[in-house]
Structure formats: C-alpha cells, structure tokens
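For reference, the structure discussed in these notes is given below.
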Protein chains: 2
Amino acid sequence: MSTDAATARLAFEVVKTACSNCNLRELCLPIGLDPDELKKLDELVSTRRRLKRGDFLYRAGQPFESIYAVRSGFFKTDVMIEDGRDQVTGFQMAGELLGLDGISSEVHSCNAIALEDSEVCAIPFSHLESLSRQVHMLQHHFHKVMSREIVRDHGVMMLLGTMRAEERLAAFLLNLSQRFKARGYSPAEFNLRMSRDEIGSYLGLKLETVSRAFSRFQEEGLLAVNQRKVRILNTAGLRKLMTHQRS
Amino acid sequence: MSTDAATARLAFEVVKTACSNCNLRELCLPIGLDPDELKKLDELVSTRRRLKRGDFLYRAGQPFESIYAVRSGFFKTDVMIEDGRDQVTGFQMAGELLGLDGISSEVHSCNAIALEDSEVCAIPFSHLESLSRQVHMLQHHFHKVMSREIVRDHGVMMLLGTMRAEERLAAFLLNLSQRFKARGYSPAEFNLRMSRDEIGSYLGLKLETVSRAFSRFQEEGLLAVNQRKVRILNTAGLRKLMTHQRS
DNA sequence: GACCGGGGTTGACGTGGATCAAACGCAGGG
DNA sequence: CCCTGCGTTTGATCCACGTCAACCCCGGTC
C-alpha cells in the first residue's frame, strides 16, 4: 500500500470516526469530556464496522477484545442454553454500548446481532482502561454506563418476575418510545426493528401472546399497530396499565 | 478522646479490616494485587458496618457513596414499583459486592437487606475510582466484577423468561451450592437464609409453587429438605432437570 | 404445659398464557 | 400476473402456575 493511499484512508477514517464531531456524543461515552479529552478518545476509537441486517457483531464464546458503540442501526443481544432455548437480553440503539458482558471472562457471553444495517465504533477495551486511568470523567462515565446496565437488567427482572403480559408489552413500548425521543425521533410513532418472536423472547412471552396484546391495545385505542409500524395514541393509558395492580 | 485511645482503636480497626489478612481476599476485590497494592487498598477500606438480621444496608433513593463488600452474613437486594410489587434481584454472600446499582445515578436503586446478622466493609466509591487509576489490577478486576454482575443478571433473565418452576428452583439451588463450595462450605448441605417467599420473588414464582417444587424434589430423591435445611442428594439429577427440554 | 404467631405444606380450584392449528397479508421471484 | 414463504393474526383448547384456604410445625412466651 502506498504511503499516500494509507494516509488518505487514515485521514478519512479519523474524520469519520471522531467522537468529537459525532452527533451521538451526548448519549455515548464522550459525555462531559472537554475538547482536549475528546481528542484523546478520538485516537482510541479508531475502527468502525458496518454490519448488514442479520450479521453477528460477536458471538458467545468468541474472545473479548473491544466494546462497541452503536453509531447507527439496531441490535439485539441474546443468550442460549444447551437445549436450544434462548432469551433476548436487550435491544441496543444508537449511542448505546455493546459487549460489556465480555469483560468478566474475556469471552463474550452472548450474541450480538444487527436487526438492520448498522454501524458500530469498536473501542479496544485495554485502551479504554488505560485512557480512563488518565481521564477521570471518562472513567467515571464508563462506570456509570456499566451500572446503568445493571439497573436496566433489574428492571427487566422486575418485568419478567412480576408483570403480566400486557404490562410487559406496555413497559417495553414506553421504554422504546422514550429512547427514540432521546435520539430526536418521534416518541409516538416508530418502526419496530424486531419480530414478534424477538419481542416475546425479551418479554418472556410467546409470539402469539405478544400479537394478541398488540391487538388488544389497538381495540382499546391505546395505539395503532400495523405490522411493525406502531403509533402510540395514549401514553398515559399505557403507563397506567403498566403499573396496574393485578385485579 | 485521648490520643492513646484513638490510636488503639484505630490500630485495632485497621487490623480487623485489612484486606491483606482477610480470608476472603481471593473472592473479593483484592484478587491478584501484590502486597504493596494490597496495602493501598487497606487504607481505602476503612470502615466496617455490622448489621442485624432485617437491617437495611441501604434503601432505594438514598444517596450513593460507597460500595460494600460482604464480609460475613447474607443479604438480599430488591426493587419495588409504586403499586407495591417487588422483585428480589439477588442474594449476596461473603466476598460479594453490594451497591453497584447506585453508581449510575448516584442514588441507590434498590434496597439491600441483611438476611442474617452480617458485616460489610464500606468502600467509598470516589476513593475506589482514584485508587483504581493507580492500580491497574484493581481497575481491571473491578470492571470484571461489574461485568460479572451483568452476566449474572442475563442468567436470571434466561431463568425468568424461559424456564419452568422446577427448572428455576434447580438452577437456584445449584447456584447456591456452587457458591457455598467456593467459600469452603459443603456444596451438598446448607441452610437457606431466605424464606420461600423470598425465593419465589427471586424466581418469579409464588411461595406455594416453591414449596411444592421442594416437595417434588424430595419425593424424587433429588434432595432432602426440612424447612430451611437443604441437603442435595443428586446433583446430576438436578442439573439434568435444569436443562430439560420442555414437553 | 398451654398459647401464640409466623413460616411452611398441602389440597381444591381458577385462569393467564402456552400450544396447536388455520388463515391472512405482504414481499420477493419467476 | 400468480406463486411461494415467512411473519403475523386469530381461534380453540390445554395446562402450569396462581389463588384461596385449611392445616401443620416449630420456636418463643407467659
């Protein structure tokens, strides 16, 4: 490879991947960093990966090296046990991190799969650790992100352990809505990137139950559904349903 | 307070709380630290707290300042929603950390309650962050601990989302057994520190269902139960049951 | 030793969601 | 244009677990 070509390619990538001009920086790792610190982070986040719908970002069992920030697109993560049963553990959208599960054993413990054409920034974990030794804000923010993931998981445990089908779906939809909103999209109208089956797996329900709950919400005027297109008509109604004491 | 008395008390506490001579150090934060680094950690872990059965270590909503290492005893953590439903999110025993959920919002997001008389080491979080900027192994190990918590939560999601009652209980008992074993206790015979109701809350089941599952295991010769005393008679049988394809 | 209370067990019955099955609708391909 | 296939919807039936209720067991108290 000629030096010129290499330089050009490099320059191109650096511009493209710079956290400092990424419009997700307020949602992603760089929160609260000053321009100087941001520049250091830019150096760290050097590689990008494009994935097509259905591609695996990583698989359970593969060695862990990097965590990934979703730059665009949509992912799911799932875990599997020997007998073939699997559980979707989360859906990730722009600005969210993937791969934190791999730190503990240096091997990924779940699969991460693109639900639509997507792009991620790879962040070599050892570099992240060494940079976060220098940049306090980065260190602290990274800890917050991991902690937030734990809190989120507790919420899912609550949902799976104590809520009934319609409450689960309502909670799920409100959560999606709020995350779309945080990214500047309409909180009321969006396209689901996942199938009924994937929603069911996440919520601990069968796809038929998910479908029926959607139909019921529609009958009750809470939302309009057509395949994967969802429009929320009554947010308060959903929220009320979610916290509704059983009978 | 006289200087002598203060010194004496201090010396006493330092000895008592020193990670360097704690027999849990291979299970807890100090893993892999050299003697020099251990000494720094000793300085950090300055305060201990004793709790009686039923005491709250912290409550949801309280400001987060420290994480806690269980030195002896047994805890549960739970989250609650407005309508009063609650979900036990975990049980913690010696060497395990409590409070990681509080990092994300600087407020605890769950309750931590002692299930028996217990003792914890408080680790001021800001100090931990600054020490882990100096001691790479500590930093790395702390990240592993947080990640392990995430992986554990995914396991619970799997359990709640896809397993049936007896599979859940089997998984729960095997997990406890393995953790007792790691601490030098018998993996086959132990006392449950939690009630049927608390087990049920953790496993997403009602207490009657838990009780029935225990009885069934006993009938099948998998274990001997008497109130909270459990003896596992057939580990392989439990393990097989756990992964048993439904139908 | 009688009483009491809280956790645990067991039984009878009800029900929410799983399962099984059929049909629909939309996208892609010939 | 029709055919094909997959994801979704809807209906009928089933069953695992929840609910309700009685009873038991054990430890603590007077």
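Chain identifiers are assigned alphabetically (A, B, ...) following the order of the sequence lines, protein sequences preceding nucleic acid strands; residue numbering begins at 1 within each chain.
Closest approach to the A:Ser211 side chain among D:dG7, D:dT10, C:dT19 is made by D:dT10 (side chain taken as heavy atoms from C-beta onward). Of the candidates D:dG18, D:dT10, D:dT9, the closest approach to any side-chain atom of A:Arg212 belongs to D:dT10. When each of C:dT9, D:dG18, C:dA18 is scored by its nearest atom to the side-chain atoms of A:Leu205, the top-ranked nucleotide is C:dA18.
Taking atom CZ of residue B:Arg164 and atom C1' of nucleotide D:dC15, one finds them 9 Å apart after rounding to whole Å. Protein atom CG of B:Leu203 is 11 Å distant from nucleotide atom P of D:dG18, rounded to whole Å. One interatomic measurement links the two molecules: CD of A:Glu167 to C1' of C:dG16, which rounds to 12 Å at whole-angstrom precision. Rounded to whole angstrom, the span from the CD atom of B:Gln218 across to the C1' atom of C:dT10 amounts to 14 Å. As rounded to whole Å, 11 Å separates atom P of C:dG25 from atom CG of A:Asn226. As a whole-Å value, the separation of B:Leu115 CG from C:dG7 P is 13 Å. When the C1' atom of C:dA22 is taken as reference, atom CG of A:Leu207 falls 14 Å away, rounded to whole Å. The distance from atom CD of A:Glu198 to atom C1' of D:dT8 is 14 Å, rounded to the nearest whole Å.
Across all strands, A:Gly204 comes closer than 4.0 Å only to sugar-phosphate atoms, never to a base (heavy-atom distances).
Here the side chains of B:Arg50 and B:Asp117 are not in contact, with every heavy-atom distance at 4.5 Å or above.
For the pair B:Ser215 and C:dT10, the criterion of a side-chain N or O lying under 4.0 Å from OP1 or OP2 is met. B:Arg228 has a side-chain polar atom (N or O) that falls below the 4.0 Å cut-off from OP1 or OP2 of C:dG8.
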A:Tyr202 vs A:Thr89, side-chain contact (heavy atoms from CB on, under 4.5 Å): CA-CA, chis, key distance, verdict:
CA-CA 6 Å; A:Tyr202 182 61; A:Thr89 54; 6.0 Å; no
Before giving the answer on side-chain contact (heavy atoms from CB on, under 4.5 Å), spell out for B:Phe190 and B:Ser177 the whole-Å C-alpha distance, their side-chain angles and the decisive distance to 0.1 Å. CA-CA 8 Å; B:Phe190 45 85; B:Ser177 164; 4.0 Å; yes
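Atom CZ of A:Phe91 is separated from atom CZ of A:Phe75 by 13.5 Å, given to the nearest 0.5 angstrom.
Judged by distance alone, with hydrogens and angles left aside, B:Glu208 brings a side-chain donor or acceptor within reach of the base of D:dC20, the pair sitting under 3.5 Å.
Ion pairing of A:Glu149 with A:Lys144 is absent here, as no side-chain N (NZ or NE/NH1/NH2) approaches a carboxylate O to less than 4.0 Å.
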